[in-house]
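Note that ligands are numbered from 1 as they come in the structure, with each ligand's atoms numbered from 1 the same way.
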Amino acid sequence: MPKYKHVEDILRIMRNIEQVRNIGIIAHVDHGKTTTSDALLAHAGILSPKLAGEARALDYLDVEQQRGITVKAANVSLYHEYKGKPYVINLIDTPGHVDFSGKVTRSLRVLDGAILVVDAVEGVMTQTETVLRQALEEYVRPLLFINKVDRLIKELKLSPQEVQQRIVQIIKEVNERILTFAPDKEFAKKWLLDPAKGHVALGSAKDKWGITIPMAEEKGIKFSYFVEAYAKGDKAAIEELFKKAPLHETLLDMVVRWVPNPREAQKYRVPRLWKGDINSELGKAMVNADPDGPLVVFINDMRLDPHTKRLVATGRVWAGTATAGKEVWLVNAQKPNKILQVSIYMGPDREIVDYVTAGNIVAMLGLDDARAGETVVDIKYKDQAAPFEQLHYVSEPVVTVA
Ligand code: GDP
């Protein structure tokens, strides 16, 4: 039995870009980013569902966790079916919390959408605002997950009506930031969160449930149901919420429905984020996410594989197809390199594959002269090559060791 039963499915679907989404989870510290990631990973069959909530699949190993299955992966490809159709959702790790080294911006660059996690009790905090602002500046569409609603009932003892008011208030606060920080007013309006449409989920990552308004209506789940369940401490009723509205399904449905596929996203992101001539062959291939065009990859992560001790470059393919043996030009380093191996992420491991097409996340060996933030292009197109907009960050070590 293959270790990850969905790898073949993922490879097949990846080649059909309409069925791909690139997302990340962003949050103020302690609002539940890790717990939410775990719930998603459990669904993908990468961790045992029993371990979700305890395992820390997107976190660094620490002494406590070394005995668990916790590994920091730069990306995990998830498989999800929505209305009977299969999708690959690349969940890209964004650095834990705000840092000014440029790591956040770099990882946001490879996403098209982000789930902003906000603690229902704390509401919008300074880092919520910072990560949301950074996402908007990278033309990453935000969706909202209001987490820890159990605390509103268990700790603040709010009534169903008060819970509702609190939720409305948080959405309003996030929307105000979207209007303020979206660099382009067209997107500010388009990306305002409308709970009635299903842009907002609320629930508890710890108890692994979450609902959107359309889903609650469809499944007949009322506010009073979960408020009463927590007020009474009714474990069976809370378990029922997980069965009726599992968080992974709610969030991944929301992502498929509202995060643009890579081709849609590249149409507006490439002209705004890439420095080159969008009318050149390279530019056109990027705008169209053309798998048959010249290769362009933006590297957001460089790290040593702890097993092979080789440098692994992870990035998003913006155009063309990454294959082993391809000669490439590193735009920032101004050096030629050769791709020696191409793989995709599955849980903590990488699976070697023959090729990875435009719109997807790829891990490559052989790009030893690259550092995070590098733009890699097919060497034949060196003359049209241009970097993504200059990243502003303080200097830092070239390599992070996984
Ligand atoms: P991160 O710093 O954003 O990654 O946050 P974590 O996922 O590590 O969560 C921070 C703390 O909040 C942990 O102690 C979690 O167990 C707790 N937490 C996460 N989700 C929930 C929830 O739905 N309800 C409650 N009450 N606590 C939660």
Side-chain angles (χ1 to χ4, degrees), residues 23-43 47 49-62 64-65 68-73 76 91-99 103-104 107-108 114-132 134-135 142-158 163 166-167 170 174 200-212 221 223 225-227 229-235 237-242 244-251:
I23 62 150
I25 300 178
I26 55 177
H28 183 86
V29 61
D30 273 348
H31 281 200
K33 183 185 143 171
T34 313
T35 315
T36 305
S37 303
D38 289 345
L40 296 185
L41 295 193
H43 175 60
L47 290 178
K50 281 199 201 87
L51 289 168
E54 290 159 29
R56 288 288 179 267
L58 292 182
D59 251 349
Y60 276 111
L61 284 173
D62 64 32
E64 281 302 306
Q65 294 169 343
I69 330 175
T70 55
V71 177
K72 183 167 175 98
V76 183
L91 177 62
I92 296 117
D93 183 45
T94 55
H97 302 290
V98 174
D99 78 3
K103 271 193 207 160
V104 178
S107 54
L108 288 169
I115 300 171
L116 177 68
V117 181
V118 175
D119 180 327
V121 171
E122 292 203 344
V124 171
M125 300 289 280
T126 50
Q127 292 170 16
T128 313
E129 184 172 299
T130 309
V131 291
L132 175 59
Q134 287 171 320
L143 297 168
L144 178 61
F145 171 46
I146 302 176
N147 187 29
K148 307 196 194 185
V149 295
D150 57 299
R151 293 186 65 200
L152 296 176
I153 304 134
K154 287 191 292 198
E155 294 171 32
L156 304 188
K157 318 265 186 234
L158 301 189
V163 169
R166 181 79 193 121
I167 301 295
I170 291 172
V174 173
V200 179
L202 62 105
S204 162
K206 205 164 99 185
D207 295 329
K208 296 178 287 193
W209 68 273
I211 47 168
T212 60
I221 302 170
F223 256 69
Y225 180 85
F226 67 79
V227 176
Y230 282 113
K232 288 186 191 148
D234 184 344
K235 286 209 175 99
I238 295 165
E239 181 66 18
E240 194 58 28
L241 275 169
F242 166 59
K244 274 191 174 165
L247 181 62
H248 51 73
E249 229 166 86
T250 303
L251 292 183

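- Residues satisfying the ring-ring contact (aromatic ring centres under 6.0 Å, His included) test with F223, not counting sequence neighbours, are F226.
- Around atom 3 (O) of ligand 1, the closest heavy atom drawn from E155, R151, K148, K33 belongs to K33.
- Contact atoms of ligand 1 toward A205: 20 (N), 23 (O) (distance under 4.0 Å to a heavy atom of the residue).
- In terms of modelled atom types and a separation under 3.5 Å, the side chain of Y230 and the main chain of I238 share no donor-acceptor contact.
- Taken to the nearest 0.5 Å, the CD1 atom of I26 stands 13.0 Å off from the NE2 atom of H31.
- In terms of modelled atom types and a separation under 3.5 Å, the side chain of K33 and the main chain of D30 share no donor-acceptor contact.
- At a 4.0 Å heavy-atom cut-off, ligand 1 touches N147 through the side chain alone.
- Distances between N or O atoms of G32 and those of ligand 1 include at least one value under 3.5 Å.
- With rounding to the nearest 0.5 Å, the separation of CD1 in I146 from CG in L116 is 9.5 Å.
- Side chain of T35 to main chain of A205: no donor-acceptor pair is present (N/O by atom type, distance under 3.5 Å, no hydrogens or angles).
- For ligand 1, the atoms lying closer than 4.0 Å to a non-hydrogen atom of H31 are 3 (O).
- Only the side chain of D150 comes within contact range of ligand 1, with a heavy atom under 4.0 Å; no backbone atom does.
- Listed by atom number, the atoms of ligand 1 under 4.0 Å from S204 heavy atoms are 22 (C), 23 (O), 24 (N).
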